[in-house]
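Remarks on the structure that follows.
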Protein chains: 2
Amino acid sequence: MALRYAIIIALEDKQATGYEITKWFDNGLGYFWHASHQQIYLELKKMTEEGLVTFVEIEQEGKPAKKIYQTTASGFAALDQWLQLPVKPMPVKDTLLMKIFAGSRMEPAILLAEVERHRTQNRQLLAEFHEIERCFQPVAEKPVKYQYAYLTLRNGITYLEGWLKWSDEVVSFLQLQEQSR
Amino acid sequence: MALRYAIIIALEDKQATGYEITKWFDNGLGYFWHASHQQIYLELKKMTEEGLVTFVEIEQEGKPAKKIYQTTASGFAALDQWLQLPVKPMPVKDTLLMKIFAGSRMEPAILLAEVERHRTQNRQLLAEFHEIERCFQPVAEKPVKYQYAYLTLRNGITYLEGWLKWSDEVVSFLQLQEQSR
DNA sequence: GACAGCATGTAAGAGGTTACATGATTGG
DNA sequence: CCAATCATGTAACCTCTTACATGCTGTC
């Protein structure tokens with residue numbers, strides 16, 4: 001049920017195609033939700049049937065026709081109702097932690113390589129987030145809406161910083177393990 | 001596919017019932033995976049059919065019979081093979097962040113109450129983790145296996161610390177919003 | 001008397017992934 | 001020439017949640 005509200009939020013101030021919503025979830029500001037294009041197209045179809053969104057189809061030369069979606073009044077009403085509901089804590093599912101927990105079954109070098117791979121990815125992501133953060137400055141002068149968005153960006157940044165700090169501990173430990181064979 | 005490996009890891013050094021595995025995921029050391037009892041019973045059934053685990057049924061007075069599971073050699077082999085595979089990054093799905101992103105649509109007081117609720121929960125969880133952390137001390141003197149487990153606990157602690165630090169920013173901002181009505 | 005804990009399960013349905021399918025344009 | 005970008009979708013399958021079902025014991 002949350003996906004549809006994520007879509008309505010994505011469509012809040014700009015109309016967009018399913019393709020664009022997918023992009024938005026993948027990179028840019030979608031650091032709080034992810035969905036595949038298949039899922040999004042299906043959900044948009046259902047939402048259209050339920051009157052939460054409408055679309056205009058636009059023919060294009062050399063490209064497939066696109067459907068530009070926008071949220072209806074009923075869609076926004078549904079979002080506002082949903083926003084009032086309490087959030088249940090998301091169940092933890094972390095495959096990397098699972099592997100570290102069972103790490104003594106593996107060769108330290110292999111686990112270390114895996115951790116380093118994630119570190120590189122997360123360092124890159126953090127750099128991107130810092131890049132985006134600069135666009136928000138000075139925050140206090142931006143519209144209130146941007147300030148809320150900024151908080152979610154800050155969440156991404158503090159999360160990644162904490163994760164990278166933690167991963168230092170992991171790397172040190174694994175290097176020790178590797179040395180003592 | 002990851003659930004079965006989480007179960008094999010849970011059964012690594014002690015045999016257990018489905019009920020106990022569920023408890024283990026819920027509280028205690030299950031801060032890297034969660035699954036409902038329905039899911040676990042079903043998975044254990046499939047795993048038994050595939051020869052990854054076996055069980056002994058024990059009749060009890062006044063309580064329903066229980067099945068004590070343990071991993072087979074083929075189960076451990078499957079785990080060790082899986083551990084070599086690269087981990088794909090878990091897709092982000094954070095409902096609270098979604099609500100904060102759309103926060104300008106809500107009354108600040110309501111969102112603030114929601115955030116405070118999560119803060120209370122996370123503070124409690126952090127206290128529990130700190131409690132468990134003390135049992136690990138001094139880490140260097142514990143068996144290597146415990147040291148790997150300790151790293152995953154450390155992940156939980158640094159995550160929660162970072163989250164709580166971030167939530168301070170959120171609370172300050174929402175209090176300001178509330179004051180300026 | 002009601003609720004929590006122990007201990008197992010089935011079944012329906014929602015949510016999500018993977019694979020497949022199409023087809024033109026642009027950049028390396 | 002291959003890959004990526006734009007742009008849509010279907011179908012099979014796996015995963016996970018929610019609801020239902022049972023039944024005894026011990027505590028408030």
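For the numbers below, each heavy atom of this structure counts, side chains included, while hydrogens, waters and symmetry mates do not. These numbers were taken from a predicted model, which means no experiment stands behind them. Just so we're on the same page: letters track the sequence lines, and every chain starts at 1.
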*Under 4.0 angstrom between A:Gln39 side-chain N/O and C:dG15 OP1 or OP2*: no
*What does B:Ala35 touch in the nucleic acid at a heavy-atom separation under 4.0 angstrom: a base, only the sugar-phosphate, or nothing?*
nothing
*Grab the NZ-P distance between A:Lys46 and C:dG15 for me, whole Å please.*
6 Å
*For D:dC24, does either OP1 or OP2 sit under 4.0 Å from a side-chain N or O belonging to B:Lys66?*
no
*D:dC6 C1' sits how many Å from A:Glu57 CD, rounded?*
15 Å
*Assign each of A:Lys88 and B:Glu43 to its nearest nucleotide of DNA chain D by heavy atoms, then name whichever residue's nucleotide is nearer the 5' end.*
B:Glu43
*Which letter, B, S or -, goes with each nucleotide of nucleotides 9-14 of chain D from 5' to 3', with contact meaning a protein heavy atom under 4.0 Å?*
BB----
*Tell me: CD1 of A:Ile58 to P of D:dC6, nearest whole Å?*
16 Å
*Distance check: side-chain N/O of B:Lys93 vs OP1/OP2 of C:dG15, anything under 4.0 Å?*
no
_Taking 4.0 Å as the cut-off, does a side-chain nitrogen or oxygen of B:Lys63 come that near to OP1 or OP2 on D:dC24?_
no
*Is A:Arg154 salt-bridged to B:Glu169, going by a charged N under 4.0 Å from an acidic O?*
yes
*How is A:Thr17 classified with respect to the nucleic acid when contacts are heavy atoms under 4.0 Å: base, sugar-phosphate, or nothing?*
sugar-phosphate
*Are any of the side-chain nitrogens in A:Glu59 or A:Lys66 under 4.0 Å away from the carboxylate oxygens of its partner?*
no
*Tell me: OH of B:Tyr19 to C1' of D:dT22, nearest whole Å?*
15 Å
*Measure from the side-chain N and O atoms of B:Arg117 to the backbone N and O of A:Val87, and report whether any donor-acceptor pair falls under 3.5 Å.*
yes
*Do the two ring centres, one from B:Trp24 and one from B:Tyr31, sit under 6.0 Å apart?*
no
*Rounded to the nearest angstrom, tell me the gap between atom CD1 in A:Ile68 and atom C1' in D:dT8.*
14 Å
*Give the rounded distance in Å between these two atoms: CG of B:Asp26 and C1' of C:dC6.*
14 Å
*Over how many whole Å does the gap from B:Ile21 atom CD1 to C:dC6 atom P extend?*
15 Å
*Using atom types as modelled and distance alone, determine if a side-chain donor or acceptor of A:Thr72 lies under 3.5 Å from a backbone N or O of A:Gly51.*
yes
*Look at B:Gln60 and C:dA7 and indicate whether a side-chain polar atom (N or O) is within less than 4.0 Å of OP1 or OP2.*
yes
*Rounded to the nearest angstrom, tell me the gap between atom CZ in A:Phe25 and atom C1' in C:dG16.*
14 Å
Contacts table for residues 140-152 of chain A: side-chain donor-acceptor under 3.5 angstrom, sequence neighbours left out:
unit_1, atom_1, unit_2, atom_2, d
A:Lys145, NZ, A:Asp13, OD2, 2.9
A:Gln147, NE2, A:Lys142, O, 2.9
A:Tyr150, OH, A:Glu133, OE2, 3.0
A:Thr152, OG1, A:Ala149, O, 2.6

_Under-4.0 Å salt bridge between A:Lys23 and A:Glu20_ = no
